[in-house]
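Step one of this worksheet: look at the structure below.
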Protein chains: 2
Amino acid sequence: MATLADVARRAGVSAATVSRIVNGSPKIVSEELRERVLRAVQELQYVPNAHAQLLARSHRTTVGVIVHDVSDPYFAEITRGLQRVASEQGRLVIICNSYRDPDRELEYVELLRAQQVEAIILAGSGYHDPGFTKSLNAKLSAYMATGGRVSVVGRHKLAGDAVMPANEEGAYLIGREIFAAGHRHVGVVAAPKQLTTTTDRLAGLRRAAREYRRTLPARRIEYAEFDRDGGAAATAALLDADPRLTAIIALNDSMAIGALSVLRERGLSVPEDVTVVGFDDMPIARDVTPALTTVRLPLVEIGARAIALALESQQPNPRVEEVEATVIHRESLAPPRTG
Amino acid sequence: MATLADVARRAGVSAATVSRIVNGSPKIVSEELRERVLRAVQELQYVPNAHAQLLARSHRTTVGVIVHDVSDPYFAEITRGLQRVASEQGRLVIICNSYRDPDRELEYVELLRAQQVEAIILAGSGYHDPGFTKSLNAKLSAYMATGGRVSVVGRHKLAGDAVMPANEEGAYLIGREIFAAGHRHVGVVAAPKQLTTTTDRLAGLRRAAREYRRTLPARRIEYAEFDRDGGAAATAALLDADPRLTAIIALNDSMAIGALSVLRERGLSVPEDVTVVGFDDMPIARDVTPALTTVRLPLVEIGARAIALALESQQPNPRVEEVEATVIHRESLAPPRTG
DNA sequence: GGTTACAAGGAAAGCCCTTTCCTCGCCTCT
DNA sequence: AGAGGCGAGGAAAGGGCTTTCCTTGTAACC
């Protein structure tokens, strides 16, 4: 690779001059030199070494984001919002997939710190695991102590700014709809227990149940992987345990889609035989049959807010922003047959 | 941020020793010093500056990938394969979304070069635009001239290794199924004309048509954005122009899903009234109603191959690997009503 | 006892830039 | 004519790390 020095030599000027021209510094440089340098840059196909620049300059310009998996639509949407703001602000973003592995998450925080990122965004559910939370917080605090910015989405107990999707409230709202429609035998297709997202949403559901003088017994909650196949498995288990189920609440849309597929296989029609609702309102939710009634979280905006928070001027006290959830009514919810 | 020198000072040793311990160099260091250093590292929460390391070391360890949009399932899958191989090989990957903007693509090549990446992977359709192709090639060649590795997926005319999805062949195969089933009025929901993916797939369709002594007149091809809404718009246009259509071939699954939604709105049932087929076999294809008959491209593997090619030992002559397409039979294809 | 050999740790050069501080030459003003 | 000012360009000091080459101290050998 051609270096600054190569260009300088070729143009017969000092490195300082080349640097000034290449970076458009305010310092005035004569037209003649400028031309010679630019020509040399062209001829050598010179591109400045970003790492050397970073070392020499003081300000950082990269932000890191840790998600469970970008190819999961939930995170894809968040990342999209994030990217938009990032490029508006001239920042490069490094995306890291933790695949819901706490250790990997820890490693990535370290890696991003090593990369000297300006901010770290953590998206995705937290874990009920005090040990892990503690060590993550320790790493995050160390990073923040040296001027790093941290912003998390949907995690209660972490250092840094936070944007909190209304998981509890959203679940409460959709739960109300279910109970208001008269469902008595309702099953919950849930994500793994140790995810805070699971417990938050479950809490909302329970609040709705209480309001309608119902309960959500443990046997009507089936925990599984937080994806389509997990949803299918949990639905099958629920149905096997109690064939009278008239409604299934899935804790996200992917799981709801898995539920739909099992129901179809078993010849049960939705919503006539069984109501199914999801959570998140991912784009595909309107295109499955029947279109999913679900809870919308403004994911793109959540991502955008998270990075904006991190990038905004250094405020000492962590801020938390709540974002609302709304129920999207489509076709997969109906009253039970025997009303 | 604590630096190497800080650690050295605190442990009362030289920077060289700290470096050797932190990086596990083969050089032997006494147990006592090692302990002192490790303790200092702990206390200072020291993390080596990755940029300084990169500058000081010779070997690179990051690869860059340019896709149209990671949140598009097509690229999400490719990226997943890519990421897998990358972490197996201890590489960090930087993902760049070009949003199908040629200029941005050019910029990103530059940016990745500046980041000193070991390899650049370009995924996603090429453009029929000689000027752009030429300048992209120039940049790529400059990069390769200095030891950079390039690998592209599905682009004919670019420097570097390539993995070529069988776009023409896949389209030919699905085309044959359509014509063999007896469809005579078939419309094509196509992506923008200037994408090579469009022309390749169209070519395959034409070959199939020829074999069945049919043609694909221009008025039966509607070009639109390469996504769900584009598919919906194109389908509507096609239907308006010729209500007798009995089959719609969409050039990818997203567009097919858009087609499905328009058909549903208009009260046409699939596949009884109209057959719909897609392309790519993205995960959701099996979950829409009716499940999509489509062409499968092994996307995860394509991503994995692309990065493997780039990372393998420096072979001078570019290699190209073809990957096969297969038709996945589901429920959205049937013979036309009037035999 | 003197030489050699080796092991353990340190000094310093180098990686590629940015930026501060200088220098030099010329113009302007009195 | 001399002082002062200013404008254009360069020298050099970092920035944080790796790694080569040295130095020093000790063990081993004849």
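To find a chain, count down the sequence lines: A is the first, B the second, and so on, and within it residues start at 1.
For the pair A:L4 CG and C:dC15 C1', the computed distance is 13 Å after rounding to whole Å. As rounded to whole Å, 9 Å separates atom P of D:dG16 from atom CD of A:Q116. The CG-P distance, from A:L54 to C:dT19, rounds to 12 Å in whole Å. At whole-Å resolution of the value, CZ in B:R20 and C1' in C:dA8 are 8 Å apart. Spacing between atom CG of A:L55 and atom P of C:dC17 amounts to 12 Å, rounded to whole angstrom units. Taking atom CZ of residue B:R57 and atom P of nucleotide D:dT19, one finds them 6 Å apart after rounding to whole Å. Note: NE2 (A:H59) to P (D:dG15) measures 17 Å, nearest angstrom. Look at CE on A:M1: it is 11 Å from C1' on C:dC16, rounded to the nearest Å.
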How far apart are the C-alpha atoms of B:S71 and B:D69, what are their side-chain angles, what is the distance that settles it, and do they pass the side-chain hydrogen bond (donor to acceptor under 3.5 Å, both in side chains) test? CA-CA 5 Å; B:S71 58; B:D69 184 355; 2.8 Å; yes
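Between the side chain of A:S19 and the backbone N or O of A:A15 there is no donor-acceptor pair closer than 3.5 Å. Checking side-chain atoms of A:R155 against main-chain N and O of A:G124 turns up a donor-acceptor pair under 3.5 Å.
Counting heavy atoms from C-beta outward, A:R113 and B:M1 have side chains that approach closer than 4.5 Å. Side-chain contact check for A:T62 versus A:Q116: every heavy-atom pair is 4.5 Å or farther apart. With a 4.5 Å cut-off on side-chain heavy atoms, B:I302 and B:E321 do not count as touching.
Aromatic pair A:H68/A:Y99: ring centres not closer than 6.0 Å.
Once rounded to the nearest 0.5 Å, the distance linking NZ of A:K139 with OG of A:S141 reads 11.0 Å. Atoms CZ and CD, on B:R39 and B:Q42 in that order, are 10.5 Å from each other to the nearest 0.5 Å.
Regarding contacts with the backbone of D:dT18, a side-chain N or O of B:S19 is found under 4.0 angstrom from either OP1 or OP2. For B:T3, no side-chain nitrogen or oxygen approaches OP1 or OP2 of D:dG16 to under 4.0 Å.
Residues from residues 42-53 of chain B placing a heavy atom under 4.0 Å of any atom in DNA chain C do not occur. Listed in residue order, the members of residues 21-37 of chain B having a heavy atom less than 4.0 Å from DNA chain C are B:K27, B:I28, B:V29, B:S30, B:L33.
Mapping B:A16 and B:A56 onto DNA chain C via the closest heavy atom, the residue that lands nearer the 5' end is B:A16.
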